[in-house]
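These notes concern the structure reproduced below.
Please read all numbers here as calculations on a predicted model, not as lab measurements. Residue numbers start at 1 and run along the sequence shown.
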Amino acid sequence: MTMPAPNLPSPDQIIKALDQTGFILEHRVAQVLRSKGFETDLNRPFPDGDSGKSREMDVWASLSSFARRDLLSIYLDTQVICECKNTDQPFIIVGEDLEHFDSRGSVQVVSGFDPLGLNFGGLVSESQWELNFGSLPGQLTKSDLVGRQLVRMNRQGSSWRADNSSIFDSIVYPLAKAAKHLADGFSEPDPTEISADFGFFHLVLVTSGPIFSVNIKAEEPEVSACSWGSLTRTFKAGDLQGSYLFDVVSFPHLSEYLDARVISIHNNALQKIRENMHLFDPEWLLANHGKPEKEEYFEAWLGLYKAYREEHFVSRKQ
């Protein structure tokens, strides 16, 4: 075995030092995501919308699919934004069952082009509500606990101290900033596009340590060990406005979490879209619901659709 040179770290010392930084955890998280079919990127930069400074996402991942029928090609993209914390100290999610909150508790969905947003009579003005994306398998249910606080337990001698002093600035705020940047980019309309698109955004804290939930019930608070859990936070600062849902996942259970929650929502949303392709067809909408309130935008879309069909027909004849 080759011995390290004097005054240089050994291979074991290098790995131990890297383990303490969390860099290895970031790579392990990306490897799990890639094993599930996601495209991944580490330390992906993005501009802070308020300060203009560059921020980074520890791990970014994307899973894309299409629902196709005739001329339509509906694009579905699930993006996962991960903040990684390499620690053996437990994270605690403090909250109540979802039924006690006004927030819907569903994953953020955005669209660059959603035909139902043109406001057709008899249809909800967003496809995610018309197709009930919030109730897909993998979404939270009313019996699931949703936290309003995330704290870290720090050992002090023989006792423990609950601390959330750095949670906001180092975890939830950067994740929300990253989600807003990605969602804003996804929702930029393309005036030449005839098909709808949908982006699902999951904000995830991956920790190498354990997770507990504390359900503040009417009786005694109930403490449970968990593989993952969710919390929601509302922001009113600069360009960051609104509520965001976060998942906290223990790394040993990341693969299980992705299957049960992220990929389940993606696959079931794709199936729901495929079963309702008529809702994205301008000629079907016109025949069954008449012209929408935003008639000018509809006419432009219908014109593009007919031109694309003519072009497609001509190219097939050739």
Side-chain angles (χ1 to χ4, degrees), residues 63-69 72-80 97-144 146 176 179-180 182-190 193-203 230-235 241-247 261-295 297-298 301-302:
L63 180 67
S64 299
S65 300
F66 288 90
R68 293 186 171 95
R69 192 186 76 179
L72 298 173
S73 183
I74 313 302
Y75 177 60
L76 175 61
D77 184 35
T78 291
Q79 298 190 38
V80 181
D97 297 338
L98 182 61
E99 64 180 343
H100 297 290
F101 293 108
D102 294 331
S103 56
R104 292 186 172 92
S106 55
V107 174
Q108 181 186 14
V109 182
V110 300
S111 180
F113 173 52
D114 180 359
L116 299 197
L118 300 177
N119 297 335
F120 290 89
L123 295 172
V124 181
S125 62
E126 288 188 49
S127 293
Q128 63 170 311
W129 308 130
E130 181 69 31
L131 299 181
N132 207 11
F133 284 166
S135 297
L136 294 172
Q139 295 276 25
L140 299 180
T141 66
K142 289 186 176 181
S143 62
D144 288 317
V146 176
K180 184 182 188 307
L182 292 173
D184 285 351
F186 190 93
S187 60
E188 281 287 332
D190 181 353
E193 182 56 67
I194 66 167
S195 295
D197 56 7
F198 300 98
F200 285 68
F201 294 86
H202 296 261
L203 286 64
S230 302
L231 70 144
T232 181
R233 292 298 299 266
T234 300
F235 300 88
Q241 303 285 327
S243 296
Y244 288 80
L245 188 70
F246 305 82
D247 290 335
R261 184 148 164 74
V262 179
I263 296 174
S264 176
I265 293 173
H266 180 95
N267 288 342
N268 282 285
L270 185 63
Q271 181 62 31
K272 183 73 76 169
I273 291 169
R274 285 172 172 162
E275 292 170 353
N276 293 274
M277 291 293 286
H278 55 279
L279 293 177
F280 310 107
D281 182 332
E283 293 177 327
W284 184 92
L285 287 167
L286 180 62
N288 289 272
H289 293 274
K291 291 185 177 181
E293 291 181 14
K294 299 179 181 179
E295 185 175 336
Y297 292 98
F298 174 75
W301 175 39
L302 181 61

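I273 has its side chain within reach of F133: a pair of non-hydrogen atoms, C-beta onward, lies under 4.5 Å apart. You'll find the side chain of F198 reaches within 4.5 Å of the side chain of I74, heavy atoms only. Contact annotation: the side chain of K291 never approaches that of L118 to less than 4.5 Å [non-hydrogen atoms, C-beta and beyond]. Between R233 and Y244 there is no side-chain heavy-atom pair separated by less than 4.5 Å. When side chains are defined from C-beta on, L285 counts as touching P115, because their heavy atoms get closer than 4.5 Å.
Using a distance-only test at 3.5 Å, with no hydrogens or angles considered, no donor-acceptor pair links the side chain of Q139 to the main chain of I265. S127 contributes no side-chain N or O that, together with a main-chain N or O of D114, makes up a donor-acceptor pair within less than 3.5 Å. Under the 3.5 Å distance criterion, the side-chain polar atoms of D197 are matched with a main-chain donor or acceptor of G112. The backbone N or O of R261 sits nowhere less than 3.5 Å from a side-chain atom of S264 that would complete a donor-acceptor pair.
Atoms CD and CZ, on Q108 and F200 in that order, are 11.0 Å from each other to the nearest 0.5 Å. Atom OG1 of residue T234 and atom CD of residue Q241 lie 10.5 Å apart, to the nearest 0.5 angstrom. In this structure, the separation between OG on S187 and CZ on F113 is 14.0 Å, given to the nearest 0.5 Å. How far CG of L140 is from OG of S230: 4.5 Å, rounded to the nearest 0.5 Å. A distance of 12.5 Å separates NZ of K142 from CG of D144, quoted to the nearest 0.5 Å. Rounded to the nearest 0.5 Å, atoms NE2 (H289) and CG (L279) are 7.0 Å apart.
Counting all heavy atoms, side chain and backbone alike, N276 lies closest to K272 at ND2-O, 2.8 Å. Considering all non-hydrogen atoms of both residues, L203 and L245 come closest at CB-O, 3.7 Å. Taking all atoms of both residues into account, the shortest heavy-atom contact from I194 to L72 is O-CD2, 4.2 Å. Residues A67 and M277 approach most closely at O-CE, 3.4 Å, considering heavy atoms. Shortest non-hydrogen contact noted between F280 and W301 is O-CZ2, 3.3 Å. Here the closest heavy-atom approach between residue F186 and residue S111 is recorded as CE2-CA, 4.3 Å.
Side-chain contact check for Y75 and S195: no donor-acceptor pair (N or O, by modelled atom type) lies under 3.5 Å.
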Requested in this report: Begin with the C-alpha distance, continue with both residues' side-chain angles, and end with the deciding distance and a verdict on side-chain contact (heavy atoms from CB on, under 4.5 Å) for E188 and D184.
Outcome: CA-CA 7 Å; E188 281 287 332; D184 285 351; over 6 Å; no
Requested in this report: Determine, stepwise, if the pair S143 / D97 fulfils side chain to side chain donor-acceptor pair (under 3.5 Å).
Outcome: CA-CA 5 Å; S143 62; D97 297 338; over 6 Å; no
**Report entry** Audit row: H202, T78, side chain to side chain donor-acceptor pair (under 3.5 Å) steps and yes/no
**Finding:** CA-CA 8 Å; H202 296 261; T78 291; 5.1 Å; no
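Environment of CZ in F66: crowded, with over 12 heavy atoms of neighbouring residues, nucleotides or ligands closer than 6.0 Å.
Ring-centre distance between F298 and F120: below the 6.0 Å cut-off.
Every pair passing salt bridge (charged side-chain N to carboxylate O under 4.0 Å, His left out) that includes a residue from residues 274-285 is listed here, sequence neighbours excluded: R69-D281, E283-R309.
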